[in-house]
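The chain is numbered in sequence order, starting from 1. Remember, it's a predicted structure, so these values are computed and weren't measured experimentally.
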Amino acid sequence: MNMMPMPAAFANALPMGGAAMAPIGVVIAITGASSTLLFQRTAVAALAQDGDPMIAAAGTLGSQIKMRVGGQWLVANVRSLTLDLDNDGVRAEIDFLGEGDEERLTGKLYNFRRGVTRYPLPGCEVYPVATADLKQIYAADDRAHIAIGNVYPTRDVRAALYIDAMLGKHFALVGSTGTGKSTSAALILHRICELAPEGHIVMIDPHGEYAAAFRNTGAIYDVTNLQMPYWLMNFEEHCEVFLTTTGQERQIDSDILAKCLLMAKAKSRLGQEIAKLTVDAPIPYLLSDLTSLINLEMGKMDRAGDTAPYLRLKTKIDEVKADPRYGFMFSGMLVADTMAAFLSRIFRLPGDGKPISIVDVSGVPSEITSVVVAVLSRMTFDFAIWSRNEPERPILLVCEEAHRYIPSNGETSSVGRILSRIAKEGRKYGVSLGLITQRPSDLEEGVLSQCGTIIAMRLNNERDQAFVRAAMPEGARGFLDAIPALRNRECIVCGEGVAVPIRVSFDALEEGKRPASGDPLFSQLWRNVGGEDQIIARTVQRWRAQGK
């Protein structure tokens with residue numbers, strides 16, 4: 001099928017000397033979001049050896065080009081390429097990124113901004129974007145920002161994330177396992193801590209990886225020093241820990257627990273001071289009071305069959321009290337009002353130059369891991385709500401392995417509900433959410449779409465790629481096609497935290513700031529022999545004592 005004839009100017013416009021400013025194609029079709037270009041193959045091929053890596057990459061998939069409209073340069077990204085033999089050219093679908101002013105004497109691009117005010121007409125000539133242009137496009141303006149790496153394929157154009165926009169509207173870091181996701185997350189958090197040494201960041205670490213990275217710049221909490229009081233749980237979280245039944249029986253058990261829990265809280269000195277006490281209020285109470293009240297209520301039952309729910313509850317509470325693995329939460333008989341001290345420690349208020357709390361939940365029994373994460377997440381949100389009339393202290397909550405807590409399978413738990421609520425409403429109260437996951441397709445769809453900035457590393461699974469593509473803005477489609485081809489420690493960033501979508505090569509992180517997430521070197525480790533008896537004996541000892 002014949003296309004429009006090639007303009008004479010274009011046919012003769014091979015690069016000579018000033019290669020950067022010779023046209024390499026023309027616009028042949030215009031639509032609102034994207035357009036179609038026709039590149040001349042010889043013109044593009046002649047640029048391949050240029051010393052400027054941006055000019056050398058012009059006309060390739062994912063590269064940027066520019067076109068002059070009035071006194072403006074329009075910048076676009078190449079999304080797809082198709083050979084056009086009829087015109088000895090290559091047809092390209094492009095997405096517009098934004099526009100900048102043209103300096104009259106030199107033709108340079110400056111004052112770049114997102115969005116397009118005036119579109120080109122068919123026949124408009126297309127030029128390669130040089131590294132100097134790229135520096136203007138990605139130049140960080142006066143807003144607070146952190147530099148995380150270099151814009152691909154350059155070695156000196158810095159990629160900046162705008163902190164206020166990124167945190168104000170949440171962010172997600174996604175990537176298959178082994179792509180350098182944990183190191184990249186540590187890099188971003190280190191840069192945020194350097195920018196705001198008096199900040200307030202809570203990182204939920206399910207594998208104990210990040211303690212090594214933030215030993216000098218953060219507070220590290222695990223089962224040995226977390227000291228999270230059980231009475232901080234709301235009623236829903238109490239039910240997840242103490243109730244073992246389902247259906248109708250669960251409703252009966254729940255009603256009994258609510259009644260006895262309210263009475264136990266009312267017995268405490270703090271509870272007596274509050275006129276209208278609710279079952280959700282974080283009031284210290286004694287577990288022994290709760291079990292004695294359950295006993296008391298059970299004694300009022302006429303038939304033996306009616307006592308089953310009471311016995312179930314009492315047995316479970318006694319079991320939890322006696323289990324040493326639950327000691328970080330249900331320890332000791334002494335119950336003091338430690339809520340203020342707990343909030344101060346976890347939220348770094350004040351931070352003493354260590355703005356991040358790493359909460360290592362790897363030692364928490366798997367049955368209550370989600371409850372512990374729910375309590376920490378809800379405390380973050382509730383603190384923000386109840387401190388609205390105070391001087392603002394925004395908090396960033398970072399959740400690693402987020403798909404474990406907010407699954408897409410429709411199973412709603414207390415942690416899933418609170419994280420979904422933070423994603424939807426947290427911005428209004430000064431709570432920012434950072435989600436890190438290797439399986440975005442297993443994450444609840446609505447939560448990922450609430451993240452204003454998406455940092456996508458290589459995703460090997462096609463379903464994950466499609467899921468991230470659906471959550472990203474239209475203009476980033478050309479970049480998204482590069483996700484399967486990304487190298488380790490490379491990513492695509494799009495959304496509120498960047499001026500325009502970018503492909504970034506992350507900076508290297510010093511050894512002492514990296515998380516303990518390296519893969520085992522089987523070829524080396526399998527050569528080591530000796531001492532296996534002692535390894536097994538020590539492991540069995542720790543296993544039986546549950547780490548105590």
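Shortest non-hydrogen contact noted between Asn225 and Arg345 is O-NH1, 3.1 Å. In terms of heavy-atom proximity, Val361 sits nearest to Pro206 at CG2-CA, 3.6 Å. When all heavy atoms are compared, the tightest approach of Leu419 to Ser377 is CD2-OG, 3.7 Å. In terms of heavy-atom proximity, Ser370 sits nearest to Val415 at O-CB, 3.5 Å. The two residues Arg158 and Arg191 make their nearest non-hydrogen contact at NH2-NH1, 4.4 Å. Scanning both residues, Ala172 and Leu448, for their nearest heavy atoms gives CB-CD1, 3.7 Å.
Annotation for Glu273: atom CD counts as buried by contact number, over 12 foreign heavy atoms lying within 6.0 Å. At most 12 non-hydrogen atoms from other residues, nucleotides or ligands lie less than 6.0 angstrom from CG of Asn216.
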(request) List the steps and the verdict of ring pair (Phe, Tyr, Trp, His ring centres under 6.0 Å) for Phe328 and Tyr221. (result) CA-CA 11 Å; Phe328 72 96; Tyr221 300 106; over 10 Å; no
(message) side-chain hydrogen bond (donor to acceptor under 3.5 Å, both in side chains) for Thr224 and Asp222? Distances and angles first, verdict last.
(response) CA-CA 5 Å; Thr224 62; Asp222 56 20; 2.4 Å; yes
(request) Begin with the C-alpha distance, continue with both residues' side-chain angles, and end with the deciding distance and a verdict on ring pair (Phe, Tyr, Trp, His ring centres under 6.0 Å) for His190 and Phe214. (result) CA-CA 8 Å; His190 273 301; Phe214 293 94; 4.2 Å; yes
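Contact check for Ser357 versus Ile201: no side-chain heavy atoms found under the 4.5 Å cut-off. Counting heavy atoms from C-beta outward, Pro407 and Asp442 have side chains that stay 4.5 Å or more apart. By the 4.5 Å heavy-atom criterion applied to side chains, Ser184 and Met457 are counted as neighbours. Within the 4.5 Å cutoff, the side chain of Leu343 has heavy atoms near those of the Met379 side chain. You'll find the side chain of Val493 stays beyond 4.5 Å of the side chain of Ile454, heavy atoms only. No side-chain heavy atom of Glu319 sits under 4.5 Å from any side-chain heavy atom of Tyr326. Between Phe242 and Leu313 the shortest side-chain heavy-atom distance falls below 4.5 Å. Side-chain contact between Ile502 and Ile492 is absent, with no heavy atoms from C-beta onward closer than 4.5 Å.
Residues Glu444 and Tyr405 have side chains that never bring a donor and an acceptor to within less than 3.5 angstrom of each other. Side chain to side chain, Asn488 and Thr179 fail the donor-acceptor criterion of an N or O pair below 3.5 Å. A donor-acceptor contact closer than 3.5 angstrom is absent between the side chains of Gln465 and Asn461. In the model, Thr245 has a side-chain atom that pairs as donor or acceptor with a side-chain atom of Asp253 under 3.5 Å. Under the 3.5 Å distance criterion, with hydrogens and angles disregarded, a donor-acceptor pair is assigned to the side chains of Ser414 and Glu240. In this structure, a donor-acceptor pair under 3.5 Å is absent between the side chains of Ser362 and His207. Judged purely by distance below 3.5 Å, without hydrogens or angles, the side chains of Glu496 and Thr453 never pair a donor atom with an acceptor atom.
Using a 4.0 Å cut-off between charged nitrogen and carboxylate oxygen, Glu510 and Arg514 do not count as a salt-bridge pair. A salt bridge is absent between Arg538 and Glu532: the closest approach of a Lys/Arg side-chain nitrogen to an acidic carboxylate oxygen does not fall below 4.0 angstrom. A salt bridge does not link Asp255 to Lys259: none of the charged nitrogens lies less than 4.0 Å from a carboxylate oxygen.
Note: Leu286 CG to Ser292 OG = 9.0 Å, rounded to the nearest 0.5 Å. To the nearest 0.5 Å, atoms CD (Gln251) and OG1 (Thr246) are separated by 12.0 Å. Arg155 contributes atom CZ, which lies 9.5 Å from atom CG of Asn150 (distance to the nearest 0.5 angstrom). Rounded to the nearest 0.5 Å, atoms NE2 (His238) and CG (Leu243) are 10.5 Å apart.
Under the 6.0 Å cut-off for aromatic ring centres, Phe342 and Phe347 do not qualify, their centroids lying 6.0 Å or more apart.
Ser432 places a side-chain N or O within 3.5 Å of a backbone atom of Leu167 that can act as its donor or acceptor partner. With Ser344 contributing its side chain and Leu349 its backbone, the two residues share a donor-acceptor pair below 3.5 Å. Between the Asp360 side chain and the Glu209 main chain, no donor and acceptor come within less than 3.5 Å of each other. At least one donor-acceptor pair closer than 3.5 Å links the side chain of Ser268 to the backbone N or O of Pro284. A donor-acceptor contact shorter than 3.5 Å links the side chain of Tyr230 to the backbone of Tyr285. The main-chain N or O of Asn234 is found under 3.5 Å from a side-chain atom of Glu237 such that the two form a donor-acceptor pair. At least one donor-acceptor pair closer than 3.5 Å links the side chain of Arg348 to the backbone N or O of Lys354. A donor-acceptor contact shorter than 3.5 Å links the side chain of Ser176 to the backbone of Asn460. A distance-only check finds a donor-acceptor pair linking the side chain of His170 to the backbone of Ile422 [under 3.5 Å]. Of the possible polar contacts, one joining the Lys265 side chain to the Val279 backbone as a donor-acceptor pair under 3.5 Å is found.
In this structure, Arg489 is not positioned above the aromatic face of Phe506 in the sense of NZ or CZ being under 6.0 Å from the six-membered ring centre and within 45° of the axis.
Ring orientation note: the planes of Trp526 and Phe522 are nearly perpendicular, at an angle over 60° on the 30°/60° scale.
Between Val373 and the choices Ile418, Leu397, Val359, Ile204, the side-chain contact (heavy atoms from CB on, under 4.5 Å) rule is met once, by Ile204.
Within the structure, salt bridge (charged side-chain N to carboxylate O under 4.0 Å, His left out) pairs that include any residue of residues 381-405 comprise Arg378-Asp382 (at least two apart or interchain).
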